[in-house]
Amino acid sequence: MQLFVDESGSINRKKNPDGRYFVMAFVQTDRPDHVAEIFRRNKQSYLDKSQSKKTADEEIKGSNMPDGMKAQIFKALRDETDAVFHYLVIDNFQVYPNLLRKPSLTFNYFVGLAIKEIAGHRQNEKENLQMMIDNRNQALRSLNSLEEYLQIIMTIEKRWLHDVHVEYKDSQDENMIQVADIFANTVFRVCRSEAHGKSNPDNKNLLKLCRIGKTRFFPRGKSELSLFE
């Protein structure tokens with residue numbers, strides 16, 4: 001199983017609606033090269049139609065990407081690839097203090113929660129998990145601990161997987177992390193709008209174009225978001 005991970009927002013103590021939610025996004029595929037090819041092709045197609053001077057080689061962060069480009073990419077990935085999108089949303093307003101002391105360890109814990117949701121139904125002791133994460137995220141402070149933590153819970157405690165390998169790459173050089181980024185940003189925008197008491201139908205419609213897999217809210221059962229109704 002291969003997963004590509006990115007995040008939007010942060011783990012924080014601020015009581016500000018803009019920072020209330022932290023989103024972790026996971027793109028699952030058995031054919032990452034094919035997904036990357038479809039992503040680049042549709043990205044370039046949109047840029048050409050827009051008469052932009054940019055090329056598909058240049059990273060466009062989800063926060064800066066036009067909705068039209070996202071829509072074209074998401075629809076193509078759904079129709080032409082095996083990509084499945086999973087996400088975990090954390091409510092900082094409801095996170096207990098011990099989880100806020102060391103964000104890097106907290107990040108590992110939340111990745112573990114998500115992997116249990118994604119891989120739990122498989123329970124294949126012969127299967128390996130290959131995970132790639134943007135090296136600019138909060139796990140960077142604890143490069144080896146995430147892999148070791150996941151090995152403990154997924155191969156020893158649960159015995160759901162044979163082995164776990166985690167690598168860190170710069171999103172500028174990895175198309176699959178860029179795919180995870182634009183998905184994470186889309187989920188985050190819905191969450192941020194609702195934290196302000198507003199709806200965000202445009203981004204919710206973008207999510208409808210995606211093949212959604214597992215979703216999880218933390219703390220479980222305490223969500224005020226329409227995504228978990």
Side-chain angles (χ1 to χ4, degrees), residues 3-28 60-78 83-101 103-104 106-118 120 133-134 136-139 171 177-229:
L3 292 174
F4 301 84
V5 187
D6 204 5
E7 63 187 57
S8 192
S10 64
I11 300 168
N12 65 77
R13 301 173 182 268
K14 300 175 183 177
K15 296 300 180 183
N16 182 323
D18 278 340
R20 177 169 184 175
Y21 295 107
F22 174 56
V23 173
M24 301 180 68
F26 303 78
V27 183
Q28 179 182 350
I60 303 176
K61 301 296 288 185
S63 55
N64 297 321
M65 184 175 286
D67 285 354
M69 182 184 289
K70 288 183 181 179
Q72 181 170 332
I73 289 169
F74 286 154
K75 186 175 185 300
L77 294 179
R78 180 195 65 196
V84 178
F85 295 86
H86 314 278
Y87 61 87
L88 169 68
V89 178
I90 296 98
D91 185 350
N92 285 311
F93 286 11
Q94 300 190 70
V95 170
Y96 38 89
N98 281 350
L99 276 174
L100 294 171
R101 287 194 306 157
S104 58
T106 303
F107 182 92
N108 293 356
Y109 171 71
F110 285 136
V111 171
L113 288 184
I115 299 304
K116 287 178 185 178
E117 292 285 336
I118 297 168
I133 301 180
D134 186 354
R136 289 175 289 185
N137 70 30
Q138 298 190 43
S171 62
I177 295 178
Q178 293 178 33
V179 173
D181 168 69
I182 64 174
F183 179 72
N185 177 260
T186 305
V187 176
F188 179 77
R189 286 173 180 241
V190 174
C191 298
R192 184 179 59 190
S193 293
E194 294 189 8
H196 284 276
K198 301 176 182 178
S199 62
N200 193 323
D202 290 342
N203 280 277
K204 289 185 75 172
N205 285 335
L206 287 173
L207 293 178
K208 291 177 181 178
L209 297 174
C210 301
R211 185 182 297 109
I212 303 295
K214 298 292 184 177
T215 65
R216 171 77 190 268
F217 184 85
F218 184 91
R220 192 189 290 275
K222 300 291 184 67
S223 171
E224 299 175 3
L225 296 170
S226 61
L227 293 176
F228 297 93
E229 290 178 346

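We're numbering straight along the sequence, starting at 1. Quick caveat, the model's predicted, so the values are computed rather than measured.
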K.L.:
Could you check whether any side-chain heavy atom of I115 comes within less than 4.5 Å of a side-chain heavy atom of L3, counting everything from C-beta outward?
P.N.:
yes
K.L.:
Could you verify whether a donor N or O on one side chain and an acceptor N or O on the other, from E194 and S226, lie under 3.5 Å apart?
P.N.:
yes
K.L.:
Check ring-ring contact (aromatic ring centres under 6.0 Å, His included) between F228 and all other residues, then give those that pass, not counting sequence neighbours.
P.N.:
Y87, F217
K.L.:
Work out which heavy atom in S8 is nearest to a heavy atom in A184; give both atom names and the distance.
P.N.:
CB-O, 3.7 Å
K.L.:
Roughly how far apart are I73 CD1 and L77 CG, rounded to 0.5 Å?
P.N.:
7.0 Å
K.L.:
Donor-acceptor check, side chain of R211 to backbone of A83, threshold 3.5 angstrom: yes or no?
P.N.:
yes
K.L.:
Check whether N92 reaches the backbone of S10 with its side chain - one donor and one acceptor, N or O, closer than 3.5 Å.
P.N.:
yes
K.L.:
Give the intermediate values and the outcome of side chain to side chain contact (heavy atoms under 4.5 Å, CB included) for residues Y21 and L225.
P.N.:
CA-CA 10 Å; Y21 295 107; L225 296 170; 3.7 Å; yes
K.L.:
Quick one: do F4 and F183 satisfy side chain to side chain contact (heavy atoms under 4.5 Å, CB included)? Show the steps, please.
P.N.:
CA-CA 11 Å; F4 301 84; F183 179 72; over 6 Å; no
K.L.:
Before accepting this row, confirm whether a basic side-chain N of the pair D91/K222 lies closer than 4.0 Å to the acidic partner's carboxylate O.
P.N.:
no
K.L.:
CZ/R101 to CG/N98 distance, rounded to the nearest 0.5 angstrom?
P.N.:
5.0 Å
K.L.:
For the residue pair G9 and F188, what are the closest heavy atoms and their distance?
P.N.:
CA-CE1, 3.8 Å
K.L.:
Look at atom NZ of K15 and say whether more than 12 heavy atoms of other residues, nucleotides or ligands are closer to it than 6.0 Å.
P.N.:
yes
K.L.:
Who are the ring-ring contact (aromatic ring centres under 6.0 Å, His included) partners of F110, not counting sequence neighbours?
P.N.:
F218
K.L.:
Calculate, to the nearest 0.5 Å, the distance between atoms CD and CE belonging to E7 and M24 respectively.
P.N.:
6.5 Å
K.L.:
Roughly how far, to the nearest 0.5 Å, is CG of L227 from CG of L207?
P.N.:
6.5 Å
K.L.:
So L88 and F22, side chain to side chain contact (heavy atoms under 4.5 Å, CB included) or not? Walk me through it.
P.N.:
CA-CA 8 Å; L88 169 68; F22 174 56; over 6 Å; no
K.L.:
Taking atom types as modelled, find out whether H86 and Q28 have a side-chain donor-acceptor pair closer than 3.5 angstrom.
P.N.:
yes
K.L.:
Which distance, rounded to the nearest 0.5 Å, do you find between the CZ of F74 and the CG of L209?
P.N.:
8.0 Å
K.L.:
Consider side-chain contact (heavy atoms from CB on, under 4.5 Å). Of I11, N12, T106, L100, which one does V95 pass it with?
P.N.:
L100
K.L.:
Does the side chain of L206 reach to within under 4.5 Å of the side chain of R189, using non-hydrogen atoms?
P.N.:
no
K.L.:
What closest approach, in Å, do F93 and P17 show between heavy atoms, and which atom pair accounts for it?
P.N.:
CZ-N, 4.2 Å
K.L.:
Just how far is it from atom OG of S171 to atom CD1 of I177, taken to the nearest 0.5 Å?
P.N.:
6.5 Å
K.L.:
Test I118 against V84 for side chain to side chain contact (heavy atoms under 4.5 Å, CB included), laying out the working first.
P.N.:
CA-CA 10 Å; I118 297 168; V84 178; over 6 Å; no
K.L.:
Ignoring hydrogens and geometry beyond distance, is a side-chain donor-acceptor pair present between D202 and N205 at under 3.5 Å?
P.N.:
no
K.L.:
Do any side-chain atoms of residues 60-70 form donor-acceptor pairs under 3.5 angstrom with protein atoms, and if so which ones, sequence neighbours left out?
P.N.:
from	atom 1	to	atom 2	distance (Å)
K61	NZ	E59	OE2	3.4
K70	NZ	G62	O	3.1
K70	NZ	N185	OD1	2.8

